[in-house]
Number of protein chains: 2
Amino acid sequence: MIENNDTSAQDSCDENPAFNNRHNHQDCISSALDKAQALCRTRNSRLTPVRKRVLELIWQSHKPLGAYQILSQLAADGFNSAPPTVYRALDFLLEHGLLHRIASLNAFIGCNNPNHNHHGYFLICRSCGSAQEIEAGNLSTYLRKNASAAGFVIESETVELSGLCPLCLEQQGHSQSDK
Amino acid sequence: MIENNDTSAQDSCDENPAFNNRHNHQDCISSALDKAQALCRTRNSRLTPVRKRVLELIWQSHKPLGAYQILSQLAADGFNSAPPTVYRALDFLLEHGLLHRIASLNAFIGCNNPNHNHHGYFLICRSCGSAQEIEAGNLSTYLRKNASAAGFVIESETVELSGLCPLCLEQQGHSQSDK
DNA sequence: TCATTGGTGTAATGTTATAACAGAACCGGC
DNA sequence: GCCGGTTCTGTTATAACATTACACCAATGA
Ligand SMILES: [Zn+2]
Ligand SMILES: [Zn+2]
Ligand SMILES: [Zn+2]
Ligand SMILES: [Zn+2]
């Protein structure tokens, strides 16, 4: 199942992990936690148990997770679980660039490039719920240039594109041919 | 590049009304209501008093309005005012393209191009709260092309850019020079 | 007329997020 | 070690946003 035969990928999460069900997802999780650990050390910030657990829960799939879903998992773990607990952890992780908030879903997803100060955008599958962050690059430049033509200065970008991922498209194709 | 060369704007609302405090805003409102009226007639839909009033309230400024703000205004008008009332009206207006929902603000703003089936994006001033819809044009094409390279098919786009509008930038400049 | 449809009234509830304040844990200086 | 400031957590309550479910009514068209 999770075999990766003919790709020389060492880091299986660098490609398009969310829409590739053959990648080794344990690597995604542990790599994200390692990065977070390192980043917090260099910044003299504390990745406390709650914060770490929240980050881990969010990374346990590539589907954006709602605050109250996280909350109930924390409760199952025996952590304290009242809304402020999880929102404080989320705020911390957001501030450090370890997460992004998906406004159109009221949900949160891990960022696997927390060091680089970037503007990403998201492809979100409406069928399976997976989301994939894409580096904005030109897009951001383009938007800023256009905005400045109107005298507007962009400070933050929310670009969330909903549709069907490759995996769900394939499945839909199958079910259509069944008709 | 998004260039819009046909700047034969007679209608004072076609330019950049949200960020132009000198435009005749009554024209914005009445033109929006007229368009809605006409559009509903051709579609055999009913622009009932509540629906019309909600649309009017939303158009009374260029700032996205929350559902409960609308609700309290309806109450002041003597309309029934429970959440379903306003959400039903909003759903109707959204379906007919007369409004857009701003996910990052949980708020609603009028669309002044309800006939044309389009993908707009928004410039939202974090200081004064005004928002301006920009026709997407090439942006949409670009996003879809990039997504399809990842095997993803976009169905809907949420592009909300937050920052400072020209008017607020100018004010900020003044207050800075006061230092 | 009567059934159908679409719109509204109303109560209750669900979901997402924050305020406010008390207490505990951590950390640097002594 | 102990102290004092800061940061983190616990707890209660509430704010803000949105939906469900069901009853009623009014327009439409056999
Ligand atoms: Zn993964
Ligand atoms: Zn999918
Ligand atoms: Zn106007
Ligand atoms: Zn402004």
Side-chain angles (χ1 to χ4, degrees), chain A residues 36-37 39-55 57-58 63-96 98-109 129 158 160, chain B residues 36-37 39-41 43-55 57-58 63-96 98-109 124 129 158 160:
Chain A
Q37 206 72 267
L39 185 143
C40 285
R41 210 161 9 234
T42 69
R43 294 188 190 167
N44 277 315
S45 292
R46 295 163 55 199
L47 191 63
T48 62
V50 191
R51 292 168 177 175
K52 185 173 177 182
R53 183 62 181 139
V54 168
L55 186 58
L57 286 169
I58 285 173
K63 306 181 188 187
L65 216 52
Y68 281 72
Q69 293 177 269
I70 296 166
L71 203 50
S72 67
Q73 302 237 36
L74 282 181
D77 291 357
F79 279 90
N80 167 50
S81 69
T85 302
V86 76
Y87 280 103
R88 286 193 280 232
L90 290 170
D91 285 346
F92 174 89
L93 296 168
L94 285 170
E95 274 164 21
H96 286 277
L98 295 161
L99 294 184
H100 294 288
R101 180 167 190 274
I102 310 284
S104 57
L105 299 175
N106 293 326
F108 302 84
I109 191 161
T158 299
E160 299 168 7
Chain B
Q37 205 73 267
L39 185 144
C40 286
R41 214 169 356 242
R43 295 188 189 167
N44 276 314
S45 293
R46 292 164 56 198
L47 191 64
T48 62
V50 188
R51 292 169 176 173
K52 185 172 178 182
R53 182 63 179 140
V54 168
L55 185 60
L57 286 169
I58 285 175
K63 307 181 187 184
L65 215 53
Y68 280 69
Q69 293 177 269
I70 296 166
L71 205 50
S72 66
Q73 302 237 36
L74 282 181
D77 290 358
F79 279 90
N80 168 49
S81 70
T85 301
V86 76
Y87 281 103
R88 286 193 281 233
L90 291 170
D91 286 346
F92 174 88
L93 296 168
L94 285 170
E95 274 163 24
H96 286 279
L98 295 162
L99 294 184
H100 294 288
R101 182 170 188 274
I102 310 285
S104 57
L105 299 175
N106 293 327
F108 303 83
I109 192 162
I124 304 163
T158 299
E160 298 168 9

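Just so you know, these numbers come straight off a predicted model, no measurement behind them.
- At a cut-off of 3.5 angstrom, counting only N and O atoms as typed in the model, there is a donor on one side and an acceptor on the other between the side-chain of B:R88 and the base of C:dG9.
- Counting to the nearest Å, the P atom of D:dA18 and the CG atom of A:N106 are 8 Å from each other.
- Of all the residues in residues 44-55 of chain A, A:R46 reach under 4.0 Å from DNA chain C with at least one non-hydrogen atom.
- Only one option out of A:T158, A:I109, A:N106 pairs with A:R101 in a side chain to side chain contact (heavy atoms under 4.5 Å, CB included); it is A:N106.
- The distance from atom CZ of A:R101 to atom P of C:dT16 is 10 Å, rounded to the nearest whole Å.
- What separates CG of B:D91 from P of D:dC17 is a distance of 16 Å, to the nearest Å.
- Between B:F108 and the choices B:L55, B:V54, B:L90, the side chain to side chain contact (heavy atoms under 4.5 Å, CB included) rule is met once, by B:L90.
- Formation of a donor-acceptor pair under 3.5 Å by the B:Q37 side chain with backbone atoms of B:L47 is not found in this model.
- Computed from coordinates, the A:E95 CD to D:dT7 P distance equals 12 Å when rounded to whole Å.
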**Report entry** side-chain contact (heavy atoms from CB on, under 4.5 Å) between B:S104 and B:I124, worked out
**Finding:** CA-CA 10 Å; B:S104 57; B:I124 304 163; 4.2 Å; yes
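- Look at CG on B:L71: it is 13 Å from P on C:dT10, rounded to the nearest Å.
- Atom NE2 in B:H96 sits about 8 Å away from atom P in C:dG7, given to the nearest Å.
- A:Q73 contributes no side-chain N or O that, together with a main-chain N or O of A:L57, makes up a donor-acceptor pair within less than 3.5 Å.
- With centres under 5.5 Å and a plane angle under 30°, the ring of B:Y68 is stacked against the base of D:dC17.
- If you take CZ of A:F79 and C1' of D:dT11, they are 18 Å apart, rounded to a whole angstrom.
- Considering CZ of B:R88 and OG1 of B:T48, their distance stands at 11.0 Å, rounded to 0.5 Å.
- For A:N80, no side-chain nitrogen or oxygen approaches OP1 or OP2 of D:dT9 to under 4.0 Å.
- Not a single donor-acceptor contact under 3.5 angstrom links the side-chain atoms of A:Y87 to the base of C:dA19.
- To the nearest angstrom, P of C:dT8 lies 15 Å from CG of B:D77.
- Checked by atom type and distance alone, the side chain of B:R51 never pairs as donor or acceptor with a backbone atom of B:L93 at under 3.5 Å.
- Between A:P84 and A:G66, the residue anchored nearer the 5' end of DNA chain C, judged by the nucleotide with its closest heavy atom, is A:G66.
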